[in-house]
2 protein chains.
Amino acid sequence: MPTGDRSAIRLSPMEVPKASDVLANELREHILSGVYPEGTPLPPERELVVQTRMSRTTVREALRILEVQGLIRIKAGRAGGAFVQRPGEESVASSLELLIRGRQIRLASVHETREAIEPSCARLAAQHRTTGDLVRLESANAAIAASGDLDEFLGNNVDWHVAVATASHNEILTGIMMALSRAIYTTTDNEGFINAEVRDIAVRAHRSVTRAIKERDADAAVRRMARHVHSYAAAALEVEDRTTVSVPEED
Amino acid sequence: MPTGDRSAIRLSPMEVPKASDVLANELREHILSGVYPEGTPLPPERELVVQTRMSRTTVREALRILEVQGLIRIKAGRAGGAFVQRPGEESVASSLELLIRGRQIRLASVHETREAIEPSCARLAAQHRTTGDLVRLESANAAIAASGDLDEFLGNNVDWHVAVATASHNEILTGIMMALSRAIYTTTDNEGFINAEVRDIAVRAHRSVTRAIKERDADAAVRRMARHVHSYAAAALEVEDRTTVSVPEED
DNA sequence: CGTGGTCTAAAGGTCTGACCCAATCTAACA
DNA sequence: TGTTAGATTGGGTCAGACCTTTAGACCACG
């Protein structure tokens, strides 16, 4: 008689979660439920040890997990410890950045995504902008016009686009835009295709989008932003094709 | 003479990285540079200890960081260890999920984002779809039509939308859509606004979008998807307004 | 005064070494 | 020829010590 038939009891494969994961999940649920306001200190590690009867190693691993996920911030020293933090745009941005870098994603994909997102950002910005948003947009634009070397120009450029996203008052879109901007920023700087003319065109496009946002003209904002992003993407990709050998094909 | 002026020397706040972060960054750069193909095993922990002259605690914390970031996968047991893994859509999805849950983001933001993204997904899908994508789309649609209870319907619904994103062959958009879908899935199920009529409308809308993708009619795909998502969002938000008390105002 | 030195307590960071558990391989055994 | 009982190699956990960083208090000296 084969071993497995001795008993009628049948069990499905079971998962044995790690102790640190259990603790991390527990704490995460508490944090996400919103019971603790931002900045609430968690108990010190040694206190968690006695409360949970786990070892300090385990407790620390759990805290490390939450820290990487952006749910807590850990300070050393007296009056230090783990403090509740609500996940922000940067955590989304950094994970998107990992995806883009790690998968060596075609620059085309990044631009496609921008073309999908930015017009909508512009629309929402036109609808929801505050005067404070306007100030930021215009000062960002001024900084672009006044910027000297390429690096400064690109940085200010990114700032303006992120400012538009911020003005949309949509945290998800903002997070995504931050990530895409960073990706483009780090991949574009080695190209020399940004000459004075291109910069001038960009400044003017930004100004016209800003104006539409100021006048709460959603449709114009969408249209102008779409055109701006599209032409920028086309130019960048053209340079890509000239500089790189491989041209990845679809389908 | 005020205190701060005695010396002209100015320093910015300095960062003292932790040992585990140093190691994690080092390993991360190696992984992201793409030198190690997916699945390459990292040295065992004890081996890393002798190589880096750090303690096992430190090494393990570094590995935990990379694991949470989705850059390695850790298996226990003999022939186990840490294996290189390229970050996938799920890591983006989960971080977006944290953002949405943790910030208790208005459902309106999620729908806004969907309205921004999905039409573009549809366009790209129409342009880049393979026949395999088509099969998946159609079977997903069939599953929706045949689904019984609400939960099953919602799950299949999500599957179809993700299938559209997948057919766009844009990993960034796919990751975002996965996250948004999950968020909507988990926040919608408690509402009873999905009756037979709504479901029927959804199925028909999906079919028409699928047809446009099949015929590579990008413009129609965009248009139909935009209409579908918009009406769905409007319906969901209307129910929201009826059920919840607070109506967050903008500006 | 205020500037700097010193001390102390609290907290995270690191290290050591041991042991436990899981997965796999292997070789002996029925 | 299967089976099965070690043996081996790996991660997971634990306990405890020590180091480093920070805040705060206190003091001493110019």
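All figures in this text were calculated on a predicted structure; none of them were measured in a lab. Letters A, B, ... are given to chains in the order of the sequence lines, protein chains preceding strands, and every chain is numbered from 1.
Not a single donor-acceptor pair under 3.5 Å links the side chain of A:Thr210 to the backbone N or O of A:Glu138. A distance-only check finds a donor-acceptor pair linking the side chain of B:Asn25 to the backbone of B:Asp21 [under 3.5 Å]. The main-chain N or O of A:Met177 is found under 3.5 Å from a side-chain atom of A:Ser181 such that the two form a donor-acceptor pair.
Position along DNA chain D of the nearest nucleotide to A:Met54 versus B:Gly81 favours B:Gly81 as the more 5'-ward residue.
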List, one per line, each side-chain donor-acceptor pair under 3.5 Å for residues 69-86 of chain A, sequence neighbours excluded.
from	atom 1	to	atom 2	distance (Å)
A:Gln69	OE1	A:Arg28	NH1	2.3
A:Arg86	NH2	B:Gly102	O	3.3

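If you take NZ of B:Lys18 and C1' of C:dC15, they are 16 Å apart, rounded to a whole angstrom. If you measure from atom CZ of A:Phe83 to atom P of D:dT22, you get 13 Å, rounded to the nearest angstrom. Spacing between atom CG of B:Leu48 and atom P of C:dC15 amounts to 13 Å, rounded to whole angstrom units. A straight line from CZ of B:Arg56 to C1' of C:dG13 spans 18 Å, rounded to a whole angstrom. One can place CD of B:Glu15 at 20 Å from P of D:dT20, the figure rounded to the nearest angstrom. Per the geometry, CZ belonging to A:Arg53 stands 16 Å off C1' belonging to D:dA15, to the nearest Å. Here C:dA11 presents its P atom at 13 Å from CG of A:Leu42, a figure rounded to the nearest Å. Between B:Leu63 atom CG and C:dT14 atom P there is a gap of 14 Å when expressed in whole angstrom units.
The base of D:dG10 is not paired with the side chain of B:Arg46 by any donor and acceptor separated by under 3.5 Å.
Of the N and O atoms on the side chains of A:Asn170 and A:His128, not one donor lies less than 3.5 Å from an acceptor on the other residue. No hydrogens or angles considered: a donor-acceptor pair under 3.5 Å links the side chains of A:Arg106 and A:Ser109.
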Let me see the working for A:Ser94 and A:Ser91 under side chain to side chain donor-acceptor pair (under 3.5 Å), right down to the final yes or no.
-> CA-CA 5 Å; A:Ser94 66; A:Ser91 82; 5.8 Å; no
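Phosphate proximity of D:dG12 to A:Thr57: absent, as no side-chain N or O sits under 4.0 Å from OP1 or OP2.
Considering only the side chain of A:Ser55, D:dA15 comes nearest among D:dG10, D:dA15, C:dT14.
Looking at residues 64-80 of chain A, you'll see A:Ala76, A:Gly77, A:Arg78 sit with a heavy atom under 4.0 Å from some atom of DNA chain D.
Note on B:Thr58: only backbone sugar-phosphate atoms sit closer than 4.0 angstrom, heavy atoms only; bases stay farther off.
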